[in-house]
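First listed ligand is number 1; within each ligand, the first listed atom is number 1. Hydrogens, waters and symmetry mates play no part in the numbers below; they use all other heavy atoms, side chains included.
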Amino acid sequence: MATIKTIAIIGATGSMGSAIAKALSTNNNYRLLLMSNDQDKLVDLKIVLEKSGAEAYAFSCVKEASWEADIIIVATPYETEKEVAEKIREVATGKIVISISNPLNKGYNDLVTPPNTSAAEELQKMLPNSKVVKTFNTTFAADFMTPVIDGKVADAFIAGNNSDAVNAVSELVNTVGFNPIVVGDLTVSRTVERKQLLLI
Ligand SMILES: NC(=O)c1ccc[n+]([C@@H]2O[C@H](COP(=O)([O-])OP(=O)(O)OC[C@H]3O[C@@H](n4cnc5c(N)ncnc54)[C@H](OP(=O)(O)O)[C@@H]3O)[C@@H](O)[C@H]2O)c1
């Protein structure tokens, strides 16, 4: 029997946070710890997830939501990641932290990160004792409803430095219906983040 993993989603009521939560909710190998600033929206989301059979808990505090998690998904805008990292640094020690962000500028025509780094690497610097893994940044929120496009399972790229963490994230990606493609270490996030800039 598969081990049950506890997943914290920070920004759970946003487009990506709620799409990931709904996609995970039908699989009973995951417990969901959901953090949002909007408690009304969060209660509505929790009801929807529980109807799908999920074990879901609601939090208004980033740190509390992350406390018990095996995997923390940061589903907030890039510019908030410093603040989120500061809040979870202590409780994220030894844990997998998933970076899904695209560090786009306001005009959506360039990245705010210089070419020699990426959002994922910046998050890793802020969380030196965690295992940051990049994925889902090339997956649109709506794709979680239909991960099969023209009869083909959509790919989700995965980049990370720790092989156990990359394997756990590959399993999660596969569970929500995507084809996990491990593309390399965390520096390859530079390429997948720029790839998404091109698509946008
Ligand atoms: N949308 C997509 O299709 C897509 C695809 C790939 C990757 N991404 C990436 O996914 C991330 C989220 O994008 P999104 O489109 O889901 O954005 P979104 O719909 O605006 O959701 C962002 C969520 O983060 C919460 N939030 C904002 N600041 C926060 C803070 N300081 N602490 C805690 N929570 C905070 C927001 O809650 P409140 O508004 O209540 O504060 C909201 O629930 C971004 O990094 C984006 O680049 C998005």
Side-chain angles (χ1 to χ4, degrees), residues 7-24 32-46 48-49 56-67 69 71-89 91-92 97-113 117-124 126-127 132-147 149 154-159 169 172-173 176-178 180-181 183 189-200:
I7 315 288
I9 303 178
I10 310 304
T13 54
S15 303
M16 284 295 277
S18 60
I20 295 170
K22 285 174 191 163
L24 287 170
L32 301 176
L33 310 180
L34 311 165
M35 182 276 152
S36 174
N37 293 321
D38 186 333
Q39 291 303 293
D40 291 340
K41 257 193 180 174
L42 192 55
V43 168
D44 292 345
L45 176 66
K46 187 171 176 291
V48 170
L49 300 177
Y57 301 88
F59 295 87
S60 58
C61 169
V62 173
K63 190 173 175 179
E64 267 181 41
S66 307
W67 197 274
I71 299 178
I72 302 166
I73 302 177
V74 182
T76 61
Y78 174 67
E79 57 273 18
T80 68
E81 290 192 354
K82 186 170 184 287
E83 180 195 325
V84 171
E86 279 165 8
K87 288 179 182 165
I88 66 171
R89 187 170 297 129
V91 294
V97 178
I98 298 184
S99 160
I100 67 167
S101 67
N102 289 306
L104 294 162
N105 68 3
K106 284 197 166 56
Y108 283 56
N109 58 6
D110 204 352
L111 300 185
V112 295
T113 43
T117 188
S118 59
E121 290 166 275
E122 293 307 301
L123 190 60
Q124 181 67 80
M126 294 187 279
L127 299 172
V132 173
V133 177
K134 187 87 203 174
T135 197
F136 288 145
N137 73 297
T138 62
T139 309
F140 288 104
D143 296 342
F144 285 88
M145 301 281 286
T146 52
I149 302 164
D155 297 330
F157 302 110
I158 301 168
V169 173
L172 185 149
V173 164
V176 296
F178 293 90
I181 299 188
V183 289
S189 304
R190 298 170 197 179
T191 306
V192 290
E193 291 175 15
R194 290 205 169 261
K195 175 183 184 293
Q196 191 61 7
L197 170 67
L198 183 68
L199 289 179
I200 288 168

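Among all heavy-atom pairs drawn from Leu34 and Ala21, the shortest one is CD2-CB, 4.1 Å.
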For a distance cut-off of 3.5 Å, show me each N or O of ligand 1 paired with any protein N or O, plus the separation.
{"unit_1": "ligand 1", "atom_1": "3 (O)", "unit_2": "Ala141", "atom_2": "N", "d": "2.9"}
{"unit_1": "ligand 1", "atom_1": "16 (O)", "unit_2": "Ser15", "atom_2": "N", "d": "3.3"}
{"unit_1": "ligand 1", "atom_1": "16 (O)", "unit_2": "Met16", "atom_2": "N", "d": "2.8"}
{"unit_1": "ligand 1", "atom_1": "19 (O)", "unit_2": "Ser15", "atom_2": "N", "d": "2.9"}
{"unit_1": "ligand 1", "atom_1": "19 (O)", "unit_2": "Ser15", "atom_2": "OG", "d": "3.1"}
{"unit_1": "ligand 1", "atom_1": "31 (N)", "unit_2": "Glu83", "atom_2": "OE1", "d": "3.4"}
{"unit_1": "ligand 1", "atom_1": "31 (N)", "unit_2": "Glu83", "atom_2": "OE2", "d": "3.2"}
{"unit_1": "ligand 1", "atom_1": "41 (O)", "unit_2": "Asn37", "atom_2": "ND2", "d": "2.9"}
{"unit_1": "ligand 1", "atom_1": "43 (O)", "unit_2": "Gly14", "atom_2": "N", "d": "3.1"}
{"unit_1": "ligand 1", "atom_1": "45 (O)", "unit_2": "Thr76", "atom_2": "O", "d": "3.1"}
{"unit_1": "ligand 1", "atom_1": "47 (O)", "unit_2": "Asn102", "atom_2": "N", "d": "3.0"}

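Proximity of Ile7 to Leu172: side-chain heavy atoms (C-beta onward) are separated by under 4.5 Å at one or more points. The shortest side-chain heavy-atom distance between Asp143 and Phe178 falls under the 4.5 Å cut-off. At a threshold of 4.5 Å between non-hydrogen side-chain atoms, the residues Ile100 and Val74 do not count as touching.
We find the CG-CG distance between Leu197 and Asn102 to be 8.5 Å, quoted to the nearest 0.5 Å. Atom CG of Leu42 sits about 9.0 Å away from atom CG of Leu49, to the nearest 0.5 Å.
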